Participant: 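Starting off with a structure, shown below.
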4 protein chains.
Amino acid sequence: MDTGMISLASDNYAGAHPEIVAAAGAAAAGTAGAYGADPWTALAEARFRKIFGEESSVFFVMTGTAANVLAIDAVTRPFESVLISDCAHMHMDECGAPERFTGSKFIVVPSEKGKLTVDGLRPWVEREADYHRSRPKVVSLTQTTEYGTVYTVSEIKAITDYAHENGLLVHMDGSRISNAAEALGLDFAAFTKEAGVDFLSFGGTKNGMMFGEAVVFFSHEVDDAFQYTRKQGMQLVSKMRFVGAQFEAFLKDGLWKRNAAHANAMAQKMAEALTRVPGVTLTQPVEANAVFAILPVAMIEKLHKKFHFYVWDNQTGEVRLMASFATTAEEIQTFAEEIQGMTV
Amino acid sequence: MDTGMISLASDNYAGAHPEIVAAAGAAAAGTAGAYGADPWTALAEARFRKIFGEESSVFFVMTGTAANVLAIDAVTRPFESVLISDCAHMHMDECGAPERFTGSKFIVVPSEKGKLTVDGLRPWVEREADYHRSRPKVVSLTQTTEYGTVYTVSEIKAITDYAHENGLLVHMDGSRISNAAEALGLDFAAFTKEAGVDFLSFGGTKNGMMFGEAVVFFSHEVDDAFQYTRKQGMQLVSKMRFVGAQFEAFLKDGLWKRNAAHANAMAQKMAEALTRVPGVTLTQPVEANAVFAILPVAMIEKLHKKFHFYVWDNQTGEVRLMASFATTAEEIQTFAEEIQGMTV
Amino acid sequence: MDTGMISLASDNYAGAHPEIVAAAGAAAAGTAGAYGADPWTALAEARFRKIFGEESSVFFVMTGTAANVLAIDAVTRPFESVLISDCAHMHMDECGAPERFTGSKFIVVPSEKGKLTVDGLRPWVEREADYHRSRPKVVSLTQTTEYGTVYTVSEIKAITDYAHENGLLVHMDGSRISNAAEALGLDFAAFTKEAGVDFLSFGGTKNGMMFGEAVVFFSHEVDDAFQYTRKQGMQLVSKMRFVGAQFEAFLKDGLWKRNAAHANAMAQKMAEALTRVPGVTLTQPVEANAVFAILPVAMIEKLHKKFHFYVWDNQTGEVRLMASFATTAEEIQTFAEEIQGMTV
Amino acid sequence: MDTGMISLASDNYAGAHPEIVAAAGAAAAGTAGAYGADPWTALAEARFRKIFGEESSVFFVMTGTAANVLAIDAVTRPFESVLISDCAHMHMDECGAPERFTGSKFIVVPSEKGKLTVDGLRPWVEREADYHRSRPKVVSLTQTTEYGTVYTVSEIKAITDYAHENGLLVHMDGSRISNAAEALGLDFAAFTKEAGVDFLSFGGTKNGMMFGEAVVFFSHEVDDAFQYTRKQGMQLVSKMRFVGAQFEAFLKDGLWKRNAAHANAMAQKMAEALTRVPGVTLTQPVEANAVFAILPVAMIEKLHKKFHFYVWDNQTGEVRLMASFATTAEEIQTFAEEIQGMTV
């Protein structure tokens, strides 16, 4: 179904990696326990426990929104609040799902290059407890951020230390966690559990799976309850094997890493091409698979004839260009050539 | 991953049909709009509109629970109630998801052979309106029922006529709608839209898909709003193409019918085998792909060494045996031979 | 505003006792901390702690619905269920408030003379835990019941023992708890805390207050959290002093008891009068301030010209007649004379 | 219960006006329909309809939080958002009640002197509809604002015009609406209904009532549904007569106006006294009954020995001083003398 257009719109405009497809297909034969009581799910869960420690718990869900919402619901009561950045996906792009399901207040704090800062959190964390106001319980950060930047381990630790000193838990929205791991050159645990993060939404879809996200808690405390929460949250799929099989393929021999490395490299190439064009400004450091840049309006219009991508801010002309595991070097080459000759 | 056991536990213990797997695989290449703006989803949606009329709206979600809950949420306010049978999946097996998401009261009325009756509805429908009590808005029936029985068109019409006369809408939980269509020898519209049903949860998973259910409204009224509800309900998957491709394969040349016909036939064979065994009583008419029977405890114990199936009622010894598209004639033959020789 | 009609409709058709009115009026002068930080509230809370033990916690709210809903919300998560009787006020007359605010499932079990039984609870309590089904957490009983009957201490203990053996908590909806205490001849603690009840909705309004109900927990566990729940539940009134002052007047020298004793006595007189009338059947034991009886339709029609009361069941002709602290002996005498002469 | 302290903390630290107390007391005798079916409620409702037009609907609730939450719930679906200011009571002081009950997203926009501006609303109102994001439905403004300022009619009209052009409704949180009316020298309708406001929380408690707020819709559209919402929202008190009687006293011959005029005048006197003190800066125009000022820390400490008032902002030393109907000229005189002699 080729339209002749090249998509740099989002990593979820890509399809699925052939190894993922093959793994799901291979899981199709035979009967197996429903709702996760199958061998594929067991294998994938074990794979996660190997990454994050045997004491961690992992649960598969179908969407990134569900991973975030159900994870947070598991550790909050409705009168407790969640501190998120002003560009957080949970704030901007989840249609109020967090508020509706959890009943909690999601409080927006300023971000810098897509990142929370301790100073941004202070006014909400340090004021006196008062039952007229929701009680802060969770800080949630997004890795990679919505602006394609990547928290360093020390940036994460600054937040988790501060949160823990003040009795808060830290959640990471890792819908693009593979891109972050690759960018940091670290394994997953090093910048999550080992950096003080308490629980995690681990993304699969945006990095080459058909569907599937994981919620990981780094201790067993919420374990039993989450089974109920997931069911009540409408996320307990009966043929869980098809998620388990995909995650097993994703994790077992580095497919996640190959996909992320490729996507990140493609974004770098886009950034390099853009920096050579007069009148174009990169607005964010390009650290993973997204490029943010301000382009002249005329250039945007021309590019839109051949490339799908989003104008992020109509006022400034800032656009987002995103690479995925499936973005080809040829596509990026075409993009580079296109913009190189542009005079606006 | 063969355990040597034969599963008659549920139709969702089966995997996925090869044609489904192939269709999903074929959709994996290339970029396409996310969140349903892709050609596979468009094709599948058109297929549904062809079945149920061009004025109908169809939305894909990932679980049967979500289909039921979001469908009902779309047409109710939290102070409005939903009348369901005492054996309804929404009452017994959805962990309070309906109540939590919709905020509505789900009122349980008695069933006969798994079916609602007008007389069962009367006490709740006909009492005086009173704002101390939730206002009835929806009647929901399950087809095939949780007891494997099938509402006839006239049984459905009796309920939809009564509901409409009293200002109520009618929802059908059709997680096994293919089995019902095959059992009735009718097309889908004949016992849904044309019988007065207003909106429908249309199941794919239990009849050979990996994942995927559809919510179908037989008019455009809820259309736009449901897009938001689905997102807020955590059911808007980004790579919707993989649901669309499966439904297209399911519907385009009768795969749904072949699968359902096979499952229903296998259930008939089980029933026939059971009727030949002294001490065994079929407790429900076998009309689709489920068999309910009371077996002596000793027989249950013996059978459980070779076959997975559920004891439905510990008090009475009633069991449920269920066939799927993937149940083989050999498996049923083995079952028949096993019980034939049993003396208890 | 005399209409010439005598109201036997409900104890909340009465106004407020003069001592209550005087106490509220006396609290009107001067400034005091808002939201419960005032001396009247402190006095009333201390009064409750004296009754139920120093380790108990008490919180005032404005409606009986709120007392029930917020009390239960404090000890449940949304995937946990509450077992209630089929005639429970929470089931029949709270418009889905329990479901909406708590997100929990309220499961209806059969009652006898308005009372729960252990056998009625068993099927829901004793089945295997399964995350497809809400996990039972609370049993709620109403004292006096919705049928005007009164649980004995041993009946309550049978339920609380069973509940605790199975890991459940027990709530009492005591919107008419004064009538029960008077009927049993016991102090409040004897048939609540000392009989194993874990938390309580203690009613003031129906026994002579203008407004005001209390939620009492018999340990400090939920204490801090409930302050937030009450605020989030829209029940934290700023001028709490006016509730505190009423409760202080209600409790300090037996006003609650005088009011309840009077109401109960008036109901007995009604019952006596009715038993002397041929064709009338009392349908429930008259143990507190309500009388349930089946009257001939013609008698109902005649009586409705002079008396307000509810037909409870249109099918059977069962009516409810209710006395309050304000029902006068003259009113009951008029009623007795009226029915005595009736031939139908 | 005199502590010797003078309270300038909040208008809800005051008690109730004697005329209010007398009216409630006079309603205590006799039986009357419960839940609002009584003559006092009917009178008060008629009074509101006279003020706001016969086509308007009025419903009484018990707290300001409830008035705001239930009003907004009546006109929104959970996927629709509400735009509020960054200092709105619903954002800062209602413990997440709005989010929890409505399920909606409350979006915070910048304010100037406590007021919303059209420019602040634009980014949320004018961006393209997208079902990943809650759909804006209501703008809510507070009159008087949380900073004691008062929207002029033309400021209100600017917002209501803009809202209506963009398909939004406008709500006014009028917990101090009497103070605003008095400040503007207008009747209630002139700056609400006639200025384009669609529905209103009308406050009674802060201006001399014991309890009681009203929700007023300026057309009949939500009428019937709101009866259910109020019950489900736990705000339907049985002895509504006591709210009705208070509102009748409040409205019938200008008590609201006398109370508000007094409170506003007392605030003016405080402001005048403060402007005469070196080192003190008024931070907001004093337009109603609140004074915001920055005081030297040492002065705050000294004053706190004799006066209750809140430090609004610990960083800047900004305090809030508030007068009520019950604040006496002597108290303000004492305050004026106290600060006059202060050297810091």
Side-chain angles (χ1 to χ4, degrees), chain A residues 1-2 5-7 9-10 12-18 20-22 24-25 27-35 38-40 61-66 69-70 93-97 100-101 205-206 209-211 228-239 241-243 308 324 326-327, chain B residues 1-2 5-7 9-10 12-18 20-22 24-25 27-35 38-40 61-66 69-70 93-97 100-101 205-206 209-211 228-239 241-243 308 324 326-327:
Chain A
M1 301 195 180
D2 189 6
M5 296 285 286
I6 292 172
S7 182
S10 180
N12 60 28
Y13 278 52
H17 193 278
I20 293 290
V21 172
T31 57
Y35 303 109
D38 66 81
W40 296 273
V61 298
M62 299 306 280
T63 66
T65 298
V69 171
L70 299 188
D93 291 294
E94 296 186 354
C95 200
R100 180 167 186 184
F101 192 76
T205 311
K206 288 194 166 96
M209 285 174 51
M210 297 193 287
F211 310 118
Y228 291 86
T229 296
R230 179 169 61 175
K231 178 66 190 179
Q232 195 177 32
M234 306 180 276
Q235 288 290 323
L236 183 64
V237 290
S238 56
K239 296 183 178 175
R241 60 165 92 179
F242 293 108
V243 182
H308 287 303
S324 78
T327 304
Chain B
M1 301 193 179
D2 188 5
M5 294 285 286
I6 292 172
S7 183
S10 181
N12 60 26
Y13 277 53
H17 192 278
I20 292 290
V21 172
T31 57
Y35 303 109
D38 67 80
W40 296 272
V61 297
M62 298 306 280
T63 66
T65 299
V69 171
L70 298 187
D93 291 294
E94 296 186 353
C95 199
R100 180 166 185 184
F101 192 76
T205 311
K206 288 194 166 97
M209 283 174 54
M210 296 193 288
F211 310 119
Y228 291 85
T229 296
R230 179 169 60 175
K231 177 69 188 175
Q232 195 176 34
M234 308 180 276
Q235 289 289 324
L236 183 64
V237 290
S238 56
K239 296 183 178 175
R241 60 165 92 178
F242 293 109
V243 183
H308 287 304
S324 79
T327 304

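What you see is a predicted model, and the numbers here were worked out from it, not measured in a lab. Convention: sequence-line order gives letters A, B, ...; per-chain numbering from 1.
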Participant: Quick one: which of Ala14(B), Gly25(B), Ala9(B), Ala66(B) has the most heavy-atom pairs under 4.5 Å with chain A, could you say?
Facilitator: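 Heavy-atom pairs under 4.5 Å are most numerous for Ala14(B).
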
Participant: Quick one: what part of Val61(A) sits under 4.5 Å from any heavy atom of chain B, side chain, backbone, both or neither?
Facilitator: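 No part of it gets close to chain B.
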
Participant: Tell me, side chain or backbone of Phe101(A) under 4.5 Å from chain B's heavy atoms, or both, or neither?
Facilitator: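 When you check distances to chain B, atoms from both the backbone and side chain of Phe101(A) fall under 4.5 Å.
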
Participant: Quick one: what part of Ser7(A) sits under 4.5 Å from any heavy atom of chain B, side chain, backbone, both or neither?
Facilitator: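 Both parts, backbone and side chain.
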
Participant: Between Gly33(B) and Tyr13(A), what is the shortest heavy-atom contact and its length?
Facilitator: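 It is CA-CE2, 3.7 Å.
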
Participant: With a 4.5 Å cut-off on heavy-atom pairs, point out which of Asp38(A), Thr327(A), Thr65(A), Leu70(A) contacts chain B the most.
Facilitator: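 Greatest number of close heavy-atom pairs with chain B: Thr65(A).
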
Participant: Kindly give the heavy-atom pair with the smallest separation between Lys239(B) and Met210(A), and that separation in Å.
Facilitator: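 Scanning both residues completely, I find the closest heavy atoms to be CB-O, 3.5 Å.
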
Participant: Based on non-hydrogen pairs under 4.5 Å, which of Ser324(B), Ser238(B), Ala32(B) is most in contact with chain A?
Facilitator: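 Of the candidates given, the most pairs with chain A belong to Ala32(B).
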
Participant: Please give me the minimum heavy-atom distance between Phe242(B) and Gly15(A), naming the atom from each residue.
Facilitator: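 Closest approach of Phe242(B) to Gly15(A), heavy atoms only: CZ-C, 4.1 Å.
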
Participant: If I measure from the heavy atoms of chain A, does Leu236(B) come under 4.5 Å with its side chain, its backbone, both, or neither?
Facilitator: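 Just the backbone, heavy atoms under 4.5 Å.
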
Participant: Does any heavy atom of chain B fall under 4.5 Å from the side chain of Asp93(A), the backbone, both, or neither of them?
Facilitator: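 Just its backbone gets close to chain B.
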
Participant: Mind listing the closest non-hydrogen atom pair of Met234(A) and Thr63(B) along with its distance?
Facilitator: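 That closest heavy-atom pairing would be O-OG1, 3.1 Å.
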
Participant: Is it the backbone or the side chain of Ala326(A) that comes under 4.5 Å from a heavy atom of chain B, or both, or neither?
Facilitator: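 For Ala326(A), neither part sits under 4.5 Å from chain B.
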
Participant: Quick one: closest heavy-atom pair of Lys231(B) and Ala97(A), and the distance?
Facilitator: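 Answer, listing the atom of Lys231(B) first, then Ala97(A): O-CB, 4.2 Å.
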
Participant: Go through the structure and list residues passing side-chain contact (heavy atoms from CB on, under 4.5 Å) with Val21(B), not counting sequence neighbours.
Facilitator: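 Testing Val21(B) for side-chain contact (heavy atoms from CB on, under 4.5 Å), a comparison that skips the adjacent residues, returns Ala28(A), Ala16(B).
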
Participant: If you count heavy-atom pairs within less than 4.5 Å of chain B, which of Arg100(A), Met62(A), Gln235(A) leads?
Facilitator: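 Going by pairs under 4.5 Å, I would pick Arg100(A).
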
Participant: Among residues at least two apart in sequence or on other chains, which ones pass salt bridge (charged side-chain N to carboxylate O under 4.0 Å, His left out) with Arg230(A)?
Facilitator: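 Residues passing salt bridge (charged side-chain N to carboxylate O under 4.0 Å, His left out) with Arg230(A): none at all.
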
